[in-house]
Amino acid sequence: VSNNQPPQHHSGSLWHFSETEKRHLLLATGAFTLALGFMRIGGIFGLMNGSMTIALVHFLISMPIMLIAVGPAFILHEIGHKISAKYYGCWAEFRADPGGLRFGVILSMLIGIVFMAPGAVMVAGMVTRKQNGHIAAAGPLVNFGLFLIGIPLGGILLGLCGLSGDPGTGYLSIELGAIYWKQIVYDIVLYWVMANLILGAFNMLPFGPLDGRKIKGWSEQAFWVLLSIFVVPILCMILGYWSPMNLILQISNLFI
């Protein structure tokens, strides 16, 4: 940029997505959904264990379920960064990482574990360290908001479906030609709350390109506060002090 010409900042609608950005979001979401589908069946070895037909149908059913349950945790996290950056006048668009997508899909296909760098929101503009911290914090805060919203709404949804616990029957029975929709609803609620809690905690790590490093560079206090709102619930679950699903099921009992 010429010294005599200021950089061109964002001046349009905050909720604007270019055609290129839409393609990248669709690509990343599709690869992420495919990886989650492989995770649900334990990778290709899950396809080969037992009936391949049952595993294949399970795989095809799992993908839209995981898209509904986990997709918003990823997509809205990135949109949180985007809107925050554009609020401060920056150019901000999501760009997928083809290498990260390939690695994530292959890993989940081989061993049934999802570890993926699908891409990130690219930001260009003149911002202060505080504003950069705000942009970084927007993503994890979106995840925490979705986690909190998922508890009462999940409880209401399970209650309206007549669920007071995990149905434990799996998604389908090929022999009976039946799909157990109550198990599908339960898993959507379960993966919604867990995905947002885990994704938010992971992004708060103060390493590499993760959000935690940028937040820590802005404010140590803000970093520890945001980190604790994810780590404390996770530690309490590990230690057996509480479970978000138990709380959701208690709420569901009010509607049964």
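Quick caveat, the model's predicted, so the values are computed rather than measured.
Shown here is Arg95, whose CZ atom has more than 12 heavy atoms of other residues, nucleotides or ligands within 6.0 Å. Other residues, nucleotides and ligands place more than 12 heavy atoms under 6.0 Å from the CH2 atom of Trp242. Phe255 CZ: more than 12 foreign heavy atoms inside a 6.0 Å radius.
Here the side chain of Ser84 pairs no donor or acceptor atom with the backbone of Gly80 at under 3.5 angstrom. At distances below 3.5 Å, at least one donor-acceptor pair connects side-chain atoms of Ser252 with backbone N or O atoms of Leu249.
In terms of heavy-atom proximity, Val193 sits nearest to Phe147 at O-CD1, 3.4 Å. Taking every heavy atom of both residues into account, Trp192 and Leu146 meet most closely at NE1-O, 2.9 Å. Of all heavy-atom pairs spanning Ala96 and Leu101, the tightest one is CB-CD1, 4.0 Å.
In this pair, Phe32 and Phe74 present their aromatic rings tilted. The plane angle is within the 30 to 60° band.
Put simply, Leu60 and Leu67 are part of two different groups of oily side chains (I, L, V, M, F, W, Y) that touch within less than 4.5 Å, one to the next. Both Phe230 and Ile238 are part of a single hydrophobic cluster, where members link through side-chain heavy atoms under 4.5 Å apart.
Pairs of residues two or more places apart, or lying in two chains, that qualify as side chain to side chain donor-acceptor pair (under 3.5 Å) and include a residue from residues 135-162 are His77-Asn143, Asn143-Asn196.
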